[in-house]
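Right, one structure below, let's go through it.
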There are 2 protein chains.
Amino acid sequence: MPRATGTKRAILDATLELAATKGITGTTMDEVAERAGVAKGSLYYNFASKDRLFEELLQEGVGALADTLREARAGLHGRAALEALIRALLDGIASNTALAKLMAAEIFRTDRTWQKTLFALRHEALTVFAEAIAEVEPGSRRDGTCGLMASSVFGAVLLSGLEWLVFDPERHRDEVAAAILDSFSGGLLGD
Amino acid sequence: MPRATGTKRAILDATLELAATKGITGTTMDEVAERAGVAKGSLYYNFASKDRLFEELLQEGVGALADTLREARAGLHGRAALEALIRALLDGIASNTALAKLMAAEIFRTDRTWQKTLFALRHEALTVFAEAIAEVEPGSRRDGTCGLMASSVFGAVLLSGLEWLVFDPERHRDEVAAAILDSFSGGLLGD
DNA sequence: GTCTATATCCAGATAGAC
DNA sequence: GTCTATCTGGATATAGAC
């Protein structure tokens with residue numbers, strides 16, 4: 001399925017770029033219209049409200065990320081699967097940094113009208129990690145610890161990925177991936 | 001130094017609580033005044049502008065966090081120091097969840113008037129981790145990898161800490177700390 | 001399906017009494 | 001030092017022409 005073109009696509013793209021730097025509340029419908037090259041009336045023809053526009057944007061973006069993670073894990077098992085997930089998430093953050101920034105800013109907000117939607121998507125993405133972790137450490141499935149460790153790994157990749165892309169972009173991707181993998185390989189705290 | 005009381009203190013407290021759920025841009029000066037129990041005019045007597053109010057809030061909060069981390073590391077070395085830092089950060093997040101949410105939402109914003117201030121404070125906190133990591137893995141100091149690993153550890157604690165406090169608060173603190181430490185102990189990817 | 005023009009409300013900030 | 005009252009710009013959303 002090719003990315004749809006046309007007005008709706010242009011609006012979503014403009015919205016994402018603006019929201020990544022100005023935040024959702026700080027992005028105005030006037031700015032979105034201007035950057036998308038359409039009139040404000042067209043925004044409200046294509047989306048019922050500002051809230052609905054952002055809900056669709058997050059749904060599309062985080063949904064695609066979850067798909068990417070599932071594909072990255074497909075066919076792999078054990079530590080190879082987890083390593084592939086970490087690399088895939090880092091790549092996803094690099095190729096859609098705007099979405100990653102938005103996720104970091106929105107993931108713990110509980111007052112949004114789209115809260116349920118985002119919660120479900122977040123859960124979907126984290127579950128891919130949790131499943132892979134449960135396979136490596138079977139004991140963690142029983143007490144739900146694999147979910148916590150999934151957050152831990154996800155948070156490590158998200159924050160170091162954004163640290164790299166936002167504040168230290170000259171660094172090479174492989175260096176960043178190596179540092180993340182290194183930090184989970186037991187050199188820091190392991191025996 | 002006891003926390004100052006009085007109007008300024010009440011305003012800062014009200015601001016933090018509101019911003020943790022509604023975000024900075026979504027928090028209005030009228031709401032701050034109402035929750036603090038003062039008139040809007042008093043806000044502008046005590047702070048030059050909304051931006052300055054939030055800058056002082058972040059300065060106070062993140063500055064205190066950096067102090068806490070430095071104290072936690074004092075006198076310790078090697079893996080014991082890093083483990084103490086992880087526990088101290090998790091405790092800090094638990095005892096000031098509002099600030100942690102605010103940090104997660106603001107840390108990668110680059111359009112704020114207080115950008116330089118927040119960048120410096122973030123750097124201060126991360127450096128404490130980076131120093132401890134460089135002590136454990138001396139080779140990482142040369143190429144700056146310790147900075148990346150510091151982000152990795154910091155991100156792991158921040159996200160799993162907030163995951164716990166926001167979405168799964170019945171869980172016990174020690175369980176969360178154990179899961180984080182476990183994820184860095186080599187069980188997931190180690191040899 | 002997209003535009004322009006406008007209605008309506010609410011935000012940050014200030015003036016000046018007490 | 002804190003209050004009330006108010007100014008002014010800008011925000012979401014809608015109406016209706018094309």
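In the text below, chain A, chain B and the rest are named by the order of the sequence lines, each starting its count at 1. Since the model is a prediction, treat every value here as computed from it, not as a measurement.
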Could you state the atom-to-atom distance from [atom1] of [X] to [atom2] of [N] in whole Å?
{"X": "M29(B)", "N": "dA11(C)", "atom1": "CE", "atom2": "P", "result": "12 Å"}
{"X": "F47(B)", "N": "dT14(C)", "atom1": "CZ", "atom2": "P", "result": "16 Å"}
{"X": "E34(B)", "N": "dT2(D)", "atom1": "CD", "atom2": "P", "result": "18 Å"}
{"X": "D30(B)", "N": "dA11(C)", "atom1": "CG", "atom2": "P", "result": "6 Å"}
{"X": "I24(A)", "N": "dT12(D)", "atom1": "CD1", "atom2": "P", "result": "12 Å"}
{"X": "L43(B)", "N": "dT4(D)", "atom1": "CG", "atom2": "C1'", "result": "15 Å"}
{"X": "K50(A)", "N": "dT12(D)", "atom1": "NZ", "atom2": "C1'", "result": "8 Å"}
{"X": "E31(A)", "N": "dT12(D)", "atom1": "CD", "atom2": "C1'", "result": "13 Å"}

Looking at the side chain of [X], which of [options] is the nearest nucleotide?
{"X": "A39(B)", "options": "dC3(D), dC3(C), dA13(D)", "answer": "dC3(D)"}
{"X": "Y44(A)", "options": "dT2(C), dT2(D), dA13(D)", "answer": "dA13(D)"}
{"X": "T28(B)", "options": "dA11(C), dG1(C), dT2(D)", "answer": "dA11(C)"}
{"X": "S49(A)", "options": "dT12(D), dT2(C), dA13(D)", "answer": "dA13(D)"}
{"X": "K40(B)", "options": "dT14(D), dG12(C), dA11(D)", "answer": "dG12(C)"}

(request) Could you walk me through whether E31(A) and T28(A) pass side-chain hydrogen bond (donor to acceptor under 3.5 Å, both in side chains), step by step? (result) CA-CA 5 Å; E31(A) 291 168 321; T28(A) 71; 3.3 Å; yes
Does [X] place a side-chain N or O at less than 4.0 Å from the phosphate oxygens OP1/OP2 of [N]?
{"X": "T7(A)", "N": "dT2(C)", "answer": "yes"}
{"X": "S42(A)", "N": "dC3(C)", "answer": "yes"}
{"X": "Y45(A)", "N": "dT2(C)", "answer": "no"}

(message) Can you confirm whether the side chains of S151(B) and S160(A) place a donor and an acceptor under 3.5 Å from each other?
(response) no
(message) Any heavy-atom pair between the side chains of W164(A) and I93(A) that's under 4.5 Å?
(response) no
(request) Evaluate the ring planes of F129(A) and F154(A), with Trp represented by its six-membered ring, and classify them as parallel (under 30°), tilted (30 to 60°) or perpendicular (over 60°). (result) perpendicular
(request) Please check if the distance between the ring centroids of F119(A) and F167(B) is under 6.0 Å. (result) yes
(message) Need one value for T25(B): base, sugar-phosphate or nothing, where a base atom within 4.0 Å counts as base even if backbone is also close, heavy atoms only.
(response) nothing
